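These numbers come from a predicted model, not from an experiment. Remember, it's 1-based here, ligands and their atoms both numbered in the order they're listed.
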Amino acid sequence: MSNALERDLDALRIGAEGAARHGRYAQGFHLMPPVGWLNDPNGLCQVDGTFHAFFQYSPFNAAGGVKMWGHSTSGDLLTWDYHGVTLFPDQPADCSGVYSGSALVREVGGRKRMELFYTGNVKLEDADGYDYVRTGREANTVWVTTEDGDAHGPKRVVMTNADYPTDDTCHVRDPKVWEKDGRYLMVQGARRDDDWGEVLVFGSDDLAHWELMSRVTTPARFGYMWECPDYFELSDGEGGSAKVLGVSPQGLEGGDWERRNVYQSGYFTLEGDVTGRCELGDFALWDAGFDFYAPQTFAAEDGRRILIGWMGIPDEPTYGNDPTVASGWQHCFTVPREVTLAGGRVRQSPVRELVARRTDEVRSVDGVLDVEGRTAFDLVLDASACTKDVRVTLADELALTWRDGRLSMAFGRTARSDAGCGRTERWEPLPELRNLRVVGDASSVEVFANDGELCMSTRYYPDRYRVQVDAPGADATLWGISV
Ligand code: FRU
C-alpha cells in the first residue's frame, strides 16, 4: 500500500478520543460513521465469531457524496470497531460509486473468506440524452474476495448491463448472494422499462458466471424500482416455515402510502420457488416508523437470522440535514434485530446481546414509571393485564400511545416537524397490545410491539430523555444500557 493511501486511511480511522467530536447525539450502541455520511448496511456476515458490517460510506461530506464501503467489526453487534474504507471507487467499473452489496462466507482450502458482491456504479459523462435511468449508467456486478474484510484481491466484473434483461432500465443493483444445495444464488433489484419494480434471480456454480433464472414481481405494479432485495427462509421450530423476499420499493403511490415515508422497506412472503415459478403474498413493512430503509439480513454462526437497517431514508425533506451534520457525521444503523417466525408471523427483536448491557433497573408501580437522565435505555412493558390506554412518553416531544386498537408514534410541536414526508405522527393498526419494548440511544428510538410483530423506528434528538409510562394494570421495567 502506498504511503499516501496509508495516510488517507489513517486520517479516516477515529479512535476513542474521536467520540468527543461526535457531539451530544453520538450513538452509544448503534453503528455510526466515524466522520461523514453513512447509508445502507452491506456485506453483513460473521466469520469465526467476529461480526463484519460494511456500509455505504461517504467520509468527505456529512451530507453525502460518492459512495464507498466502510468496514467495522464487532464481537457482540453493539460495539463496533472501525477499520477504514475497504472498497474505494478506483476502477473504471465502479468509478461513480461502490454501491450496495453483500457477503458470502465460504471455506476454500481450509480458510474462510468473504466473497463480496456489489454494484459498480458508473455515470457516463453527461451528454444530451442521458437520463441515467434508461441511458448513461452502468450497473456492473463486481466480485471481490477478502479474508479479513480490509485487504482484498482484484475486483472482477461478473455482469454488466448487457447481462440484464433488455426490457430493464439501467437501474439494476444491490446483489445479495447466498448458497443453496451447492449452488450460488443472487437477487438484484431492478426497474423495468415500464417503471415497474422487480427482482432478478441469478444462479452460478463458480461465482464468476451467472445465469438469469427468474424475474419476480407483483401482478399489479408496486413501485417503479425495488432496491436492496434480500431472500431467506425462516422456520418456527414447530414445522412452520416461510420464504421471505425483502425489498425497498420506490414510488409507491396512493392511499396509505401518501402518509408514509418517501420510500418504504418491507417483505413479501413467497409461495413456490424463487428461482422458478413463485407468487408473492401481501407486502408488510419491516418498520412503520420515520427512519428505516435498505435493511439487509445475514445468518449468524449460531443460526440466528439478523437484520440491520439504515436509520435514514433517501430523498426525505430532512435528507442531508440532520442535527448531527454540525458535528461532522450523519445517519446510523438500527440496532441489529433477530428475525424469527412464530404463529405464522415474522417478528423482530433487538439482538439478545443487548440484555447483557442492562444496568440500573427501575420497575413501575401501579403501571406508572417516571425516570429521567438515561441517555441509552431498554424499556419492557407487559401490557397483557392493562386495563386502559397505554401512554409512553420518551421526552416532551415524543410519545407512544396505544388506544382504540391502534399504536401511534408522534412528535410534539417542534421536534422533527419535517420528519417522514412532513408528517409528525404515525398510527398503526394493533387490535391488541400484549407487550411493548422501546430501545433508546442518544439520538434514536426503536419500538417493538407484540414481540416485534410491529416495529417503529425514528431518529430523535432530545435535550434529554424522561421516560414516563402511564399504563394502568401493566408492568414496566426500565434499564439503562451501558455504552
Ligand atoms: C439504497 C441505495 C442502493 C444503492 C445505494 C447507493 O439506499 O440507493 O440502491 O446501491 O443506496 O448508496
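Note: an N/O pair closer than 3.5 Å links Asp174 and ligand 1 by distance alone. Among the atoms of Asn39, some N or O lies under 3.5 angstrom from an N or O of ligand 1. For the pair Trp310 and ligand 1, the shortest N or O to N or O distance does not fall below 3.5 Å.
Shortest contact from atom 5 (C) of ligand 1 to any protein heavy atom: Asp40 OD2, 3.5 Å. The protein heavy atom nearest to atom 8 (O) of ligand 1 is Glu227 OE2, 2.8 Å. Ranking protein heavy atoms by distance to atom 6 (C) of ligand 1, first place goes to Gln56 OE1, 3.2 Å.
Under the 3.5 Å distance criterion, with hydrogens and angles disregarded, no donor-acceptor pair is assigned to the side chains of Thr340 and Arg347.
Between the side chain of Trp329 and the main chain of Pro59, no donor-acceptor pair closer than 3.5 Å is present. Remark: the backbone N or O of Ala139 is paired with a side-chain donor or acceptor of Asn161 at under 3.5 angstrom.
For residues 165-212, every residue pair satisfying the ring pair (Phe, Tyr, Trp, His ring centres under 6.0 Å) rule, not counting sequence neighbours, is listed here: Phe117-Trp210, Trp178-Tyr231.
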Donor-acceptor contacts, no H, no angles, side chain residues 220-230, under 3.5 Å, sequence neighbours left out:
unit_1 : atom_1 : unit_2 : atom_2 : d
Arg221 : NH1    : Asp195 : O      : 2.4
Trp226 : NE1    : Phe222 : O      : 2.7
Glu227 : OE1    : Gln250 : NE2    : 3.4
Glu227 : OE1    : Tyr293 : OH     : 2.6
Glu227 : OE2    : Arg173 : NE     : 3.3
Glu227 : OE2    : Arg173 : NH2    : 2.7
Asp230 : OD1    : Lys176 : NZ     : 2.6
Asp230 : OD2    : Thr297 : N      : 2.8
Asp230 : OD2    : Thr297 : OG1    : 2.8

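Residue Asn121 does not touch ligand 1, judged by heavy-atom distances below 4.0 Å.
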